[in-house]
Amino acid sequence: MKNRIILHIDMDYFFAQIEERENPQFKGKPVVVGADPKEGKGRGVVSTANYIARKYGIHSAMPISKAYQLCPKAVFLPVNHELYQKVSENIMNIVKKYSPRFELVSLDEAYLDLSETVVKPLLWQSYYDSYKKGEVLAKKLKKEIFKKEKLTSTVGIGPNKLIAKMASVEAKPDGLLVIKPNQIQKFLNPLDVEKIPGVGPKTAEVLRKLGVNKIKELSKIKKSKLKEIFGKVGKDIADKARGIDKSEVCPKTEVKSVGKEHTFDKDTRDPEIIFPTFEKIIKEVWQELQRGDFSIQGVSVICRFQGFETKSKQKSFEKAKSNLEFLEKTAKKLLLELLLKNQNLVRLIGLRVKVEE
DNA sequence: AAGTTCTTATTAC
DNA sequence: CTAACGGTAATAAGAACTT
């Protein structure tokens with residue numbers, strides 16, 4: 001299908017909005033969902049903050065200690081994953097009804113390919129008429145979700161996943177933004193390069209040093225030049241700056257690795273803390289592996305030390321293994337090697353298993 | 001020299 | 001005082017190693 005219409009839906013400040021819904025007494029107050037702030041000594045990060053909290057400068061992924069500094073009187077709540085999972089299922093069951101071409105991105109995000117739904121049925125209509133139909137559909141979807149779940153969402157619509165996603169980001173909260181093919185450049189040009197999915201802080205910093213801040217400037221750089229600087233992703237970035245994205249809605253990717261990690265309350269070197277924690281991690285990863293018919297192709301152990309220096313050690317196997325004793329033996333050996341080579345205090349330990357099938 | 005494995009970095013939600 | 005930074009997963013690049 002050449003001319004597609006893709007919809008991206010993103011729930012507004014999802015975790016925090018659910019908490020507001022469940023606890024009306026929080027309405028009007030700053031709400032921060034994430035790690036325990038522990039009077040400002042917490043080690044985790046903010047998962048989601050409502051818009052009132054954001055006015056204090058609090059945002060996702062911010063250290064919870066900083067969030068506490070910015071607004072100690074905010075309502076701080078732990079992540080209630082079970083609840084959000086359930087609400088997510090309810091919502092996604094609604095979203096799915098609007099097109100069979102459905103792709104779940106995370107608990108609060110999904111794509112729909114509306115092409116079949118909205119382009120084909122009336123052959124006499126133009127591709128542009130279909131955008132109108134898409135917009136009507138989006139309004140209905142938002143309304144249905146709000147009626148049934150009392151939660152607001154934002155929808156973006158465009159000719160591909162990239163534009164749909166970027167449109168929804170610009171439109172939130174409680175928004176709807178439709179970008180037709182002839183509006184792509186106008187939409188992208190004034191946005192910061194970091195608005196492109198795949199351009200994070202590091203890439204943006206390199207671009208900034210080249211005097212490139214806006215997507216308009218980025219789109220003027222030759223693809224070959226970007227490829228030179230950023231390698232394979234440079235090519236993608238060049239396409240994205242021009243609004244080009246051929247990726248399909250749906251393909252559910254198979255699991256390639258399963259892992260667990262844990263950050264200690266304090267940096268430590270105490271074997272009475274480190275090893276029992278690691279045993280637990282191994283057991284949990286093994287549990288997770290049992291949920292599918294996985295075989296172990298490789299084991300990698302991660303240690304983050306004081307000062308955030310992160311080291312990993314891995315071992316892969318020609319013929320896949322599948323027994324707990326082997327996993328334990330290999331993982332412990334790798335951890336020992338890491339700890340011997342690095343004498344600093346340990347902040348985090350983790351285990352990741354490469355799997356097949 | 002080529003192919004595989006290991007290590008680190010970056011990104012996203 | 002000047003940083004503070006979770007957990008899970010994918011992917012890419014280059015180093016380090018086998019063969």
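What's counted below: heavy atoms across the whole structure, side chains too, no hydrogens, waters or symmetry copies. In what follows, every chain begins at residue 1, and chains take the letters A, B, ... in the order their sequences are listed.
Side chain of P201(A), nearest nucleotide from dT11(B), dT8(C), dG7(C): dT11(B). Closest to the side chain of K260(A), from the set dC13(B), dG7(C), dT8(C), is dT8(C). Here dT8(B) is the nucleotide among dA13(C), dA4(C), dT8(B) with the atom lying nearest to any side-chain atom of K311(A). Closest to the K315(A) side chain, of the nucleotides dC13(B), dG7(C), dC6(B), is dC6(B). Candidate nucleotides dT7(B), dT10(B), dA12(C) were compared by shortest atom distance to the side chain of T203(A), and dT10(B) ranks first. In this structure, the nucleotide among dT8(C), dC13(B), dC6(B) sitting nearest to the side chain of D108(A) is dC13(B). Closest approach to the S65(A) side chain among dC13(B), dA12(C), dA4(C) is made by dA4(C) (side chain taken as heavy atoms from C-beta onward). Taking the side chain of R43(A) as heavy atoms from C-beta on, and the options dG7(C), dA4(C), dG6(C), the nearest nucleotide is dG6(C). Closest to the side chain of R347(A), out of dT7(B), dA4(C), dG6(C), is dG6(C).
Distance, N342(A) CG to dT7(B) P: 12 Å, rounded to whole Å. At whole-Å resolution of the value, CE in M62(A) and P in dG7(C) are 19 Å apart. Rounded to whole Å, the distance from CD1 on I296(A) to C1' on dT5(B) is 18 Å. Whole-Å rounding puts the K232(A) NZ to dG14(C) C1' distance at 16 Å. Regarding D236(A), its CG atom lies at a distance of 10 Å from the P atom of dA13(C), rounded to whole Å. Rounded to whole Å, the distance from CZ on F305(A) to C1' on dC5(C) is 18 Å. The NZ-P distance, from K202(A) to dT8(B), rounds to 16 Å in whole Å. Taking atom NZ on K165(A) and atom C1' on dA12(B), their separation rounds to 8 Å, with Å as the unit.
Among the heavy atoms of the strands, none lies under 4.0 Å from K41(A). Nucleic acid contact class of K66(A) (heavy atoms, under 4.0 Å, all strands): base. The residue Q69(A) sits close to a base: some heavy atom pair falls under 4.0 Å. Contact annotation for E318(A): backbone-only contact, meaning every heavy-atom pair under 4.0 Å involves sugar-phosphate atoms and none involves a base. Residue-level contact check: S312(A) touches the bases, meaning some heavy atom is under 4.0 Å from a base atom. Using a 4.0 Å heavy-atom criterion, one finds that E254(A) contacts the sugar-phosphate atoms exclusively. Residue-level contact check: I196(A) touches the backbone only, with heavy atoms under 4.0 Å from sugar-phosphate atoms and none from bases.
We find that K148(A) and E144(A) are joined by a salt bridge, their nearest charged nitrogen and carboxylate oxygen being less than 4.0 Å apart.
Proximity of T277(A) to I349(A): side-chain heavy atoms (C-beta onward) are separated by under 4.5 Å at one or more points.
You'll find the ring centres of Y13(A) and Y51(A) inside the 6.0 Å limit.
dC13(B) and dC5(C) have their C1' atoms separated by 16 Å, with the value rounded to a whole Å.
A donor-acceptor pair under 3.5 Å is formed between the side chain of R43(A) and the backbone N or O of F264(A).
Atom CD of E357(A) sits in a sparse spot, with 12 or fewer heavy atoms from other residues, nucleotides or ligands closer than 6.0 Å. In this structure, K214(A) places its NZ atom where more than 12 heavy-atom neighbours from other residues, nucleotides or ligands lie under 6.0 Å away. Environment of CD in E82(A): sparse, with no more than 12 heavy atoms of neighbouring residues, nucleotides or ligands closer than 6.0 Å.
In this model, the phosphate group of dA10(C) is not approached by any side-chain N or O of K256(A) to a distance below 4.0 Å at OP1 or OP2. Within the 4.0 Å cut-off from OP1 or OP2 of dT4(B), not a single side-chain nitrogen or oxygen of S316(A) is found. Contact annotation: R304(A) side-chain N/O to dG6(C) OP1/OP2 distance is under 4.0 Å. For T263(A) and dC5(C), the shortest distance from a side-chain N or O to OP1 or OP2 is not below 4.0 Å.
Residues S47(A) and V255(A) each lie close to DNA chain C; by heavy-atom proximity, the contact nearer the 5' end of the strand is made by S47(A).
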